[in-house]
K.L.:
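Before I ask anything, here is the structure I am working with.
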Amino acid sequence: MRLIHAPWYMKNITGLFSKEKGPNRGFTAQYAVFWIFFKDKKDMSDTRLINHELIHHEQVKELTPFLFLPIYLGNYVFNLFKYKFDADLAYRNILLEKEAYIHENNFTYRKNRKRYAWIKL
Ligand SMILES: [Zn+2]
């Protein structure tokens, strides 16, 4: 896994989807199979954030990116309707995100996690 500082990409591309506008726009970090992209250099040593993204890596290892992406995006779109187009609530309730948020502070979780743990959330 390579950690990549990509401020332009994070601000201008993920910024299209983040609710924050202006100079702080864009996601803090984004998992992308072989890489984790970061907006700010200081976050590249944030172990909680890295653990969160590595939980997504475990999910991709069991699903492959070809299943992970449609499940992730499909669950997001479903949640948009469920939560009346509250984009943040829809995002936080994606099952794959819920697993990562619930366990991001548990640094032994990835070793002990059961496969497809996110399905039961
Ligand atoms: Zn996440």
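Atoms considered below: every heavy atom in the structure, side chains included; atoms not considered: hydrogens, waters and symmetry mates. All ligand and atom numbering here is 1-based and tracks the order in the structure.
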K.L.:
So, the side chain of Asn106 versus the backbone of Tyr109: is there a donor-acceptor pair under 3.5 Å, distance only?
P.N.:
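It does hold such a pair.
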K.L.:
Does a salt bridge link Arg115 with Glu58, judged by any charged N lying under 4.0 Å from a carboxylate O?
P.N.:
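So Arg115 does not pair with Glu58 through a salt bridge.
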K.L.:
Take Tyr9 and Thr14, measure what side-chain contact (heavy atoms from CB on, under 4.5 Å) needs, and give me the verdict at the end.
P.N.:
CA-CA 7 Å; Tyr9 168 78; Thr14 74; 3.9 Å; yes
K.L.:
Can an N, O or S atom be found in Glu53 less than 2.8 Å away from the Zn ion (ligand 1)?
P.N.:
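So Glu53 does not bind the Zn ion (ligand 1) by this criterion.
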K.L.:
Which is the closest N/O/S atom of His52 when seen from the Zn ion (ligand 1)?
P.N.:
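For His52, the N, O or S atom at the smallest distance from the Zn ion (ligand 1) is NE2.
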K.L.:
Which residue in the set Met44, Gln30, Glu53 passes side chain to side chain contact (heavy atoms under 4.5 Å, CB included) when paired with Phe38?
P.N.:
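The single option meeting the side chain to side chain contact (heavy atoms under 4.5 Å, CB included) with Phe38 is Met44.
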K.L.:
At the Zn ion (ligand 1), what angle lies between atom NE2 of His56 and atom OE2 of Glu97, rounded to 10 degrees?
P.N.:
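An angle of 90° at the metal.
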